[in-house]
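Remarks on the structure that follows.
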Amino acid sequence: MEDLVKFVQDEFVAKKEMPEFSAGDTITVYYEIKEGNKTRTQFFRGVVIQRRGSGSTETFTIRKMSGTIGVERIFPVNLPALQKIEVNKRGKVRRARIFYFRGLTGKKARIREKRS
């Protein structure tokens, strides 16, 4: 039964072209917001904390600092409102989910950049 569900998801859900990114990368997500009958594009730039799920149910969590308050946002990969994703920096981390990043402040909250 699970194979059938996975097959249907892969066949009928439209895949979006996205750059490769993982935990520790700094990315900018551009997405559409509807306000009444108008739509506008807004962006959210932050560090990827995790990617979870697979196929059409995959999501990723981004964290940014807004002043002194941390703001996290979860985006589904197949969200129709997503316009594009830009990778600003590649981060070098040793884990797939960097929840410890939430507790770090100041200089400890820096992530080393990957060398190309």
Side-chain angles (χ1 to χ4, degrees):
M1 187 65 180
E2 290 178 22
D3 296 333
L4 183 63
V5 171
K6 192 171 187 108
F7 173 75
V8 170
Q9 284 178 349
D10 292 342
E11 286 294 317
F12 296 108
V13 175
K15 293 272 185 183
K16 289 196 171 194
E17 286 297 317
M18 281 195 330
E20 286 295 316
F21 62 91
S22 61
D25 295 351
T26 302
I27 65 172
T28 306
V29 177
Y30 294 88
Y31 58 99
E32 226 171 60
I33 289 185
K34 289 185 181 175
E35 294 172 335
N37 56 359
K38 295 182 202 168
T39 60
R40 64 182 177 89
T41 302
Q42 186 170 333
F43 69 90
F44 194 89
R45 177 180 290 134
V47 177
V48 178
I49 287 193
Q50 72 169 343
R51 283 185 79 161
R52 84 181 315 165
S54 63
S56 62
T57 61
E58 186 176 357
T59 62
F60 57 95
T61 305
I62 301 179
R63 179 181 177 84
K64 76 172 183 178
M65 293 303 290
S66 181
T68 58
I69 298 168
V71 179
E72 290 186 11
R73 181 115 197 228
I74 300 170
F75 290 98
V77 170
N78 291 318
L79 185 70
L82 273 184
Q83 290 183 337
K84 69 177 178 176
I85 296 175
E86 290 178 353
V87 179
N88 303 107
K89 278 198 275 186
R90 300 257 180 217
K92 182 182 179 196
V93 292
R94 298 171 78 173
R95 302 180 182 275
R97 298 186 175 172
I98 54 173
F99 297 133
Y100 66 86
F101 193 63
R102 293 172 176 155
L104 303 180
T105 56
K107 287 187 175 182
K108 290 181 179 178
R110 289 183 296 187
I111 294 178
R112 272 207 202 117
E113 198 166 349
K114 267 188 198 171
R115 284 201 235 153
S116 312

Mark yes when over 12 heavy atoms from residues, nucleotides or ligands other than [X] sit less than 6.0 Å from its [atom1]; otherwise mark no.
X: I69; atom1: CD1; result: no
X: F43; atom1: CZ; result: no
X: E20; atom1: CD; result: no

Identify, with sequence neighbours excluded, every residue that meets ring pair (Phe, Tyr, Trp, His ring centres under 6.0 Å) alongside F21.
F60
Are the side chains of K64 and R45 in touch, meaning some heavy atoms are under 4.5 Å apart?
no
Taking side chain as C-beta onward, heavy atoms only, is F75 less than 4.5 Å from I85?
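No - every pair of side-chain heavy atoms lies 4.5 Å or more apart.
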Joint cluster assignment, [X] & [Y], ILVMFWY side-chain distance < 4.5 Å:
X: M18; Y: F44; answer: yes
X: L79; Y: I74; answer: no
X: V48; Y: F99; answer: no
X: I62; Y: V93; answer: no
X: I33; Y: L82; answer: yes

Smallest heavy-atom separation, A23 atom then A96 atom, equals CB-O, 3.2 Å
Heavy atoms of G24 and I98 approach each other most closely as N-CD1, 3.9 Å
Qualifying side-chain hydrogen bond (donor to acceptor under 3.5 Å, both in side chains) pairs with a residue from residues 99-109, counting only residues at least two apart or across chains
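Those involving residues 99-109 are E72-R102.
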With sequence neighbours excluded, give me every side-chain hydrogen bond (donor to acceptor under 3.5 Å, both in side chains) pair touching residues 86-97.
D25-R90, T28-N88, Q50-R97, K84-E86
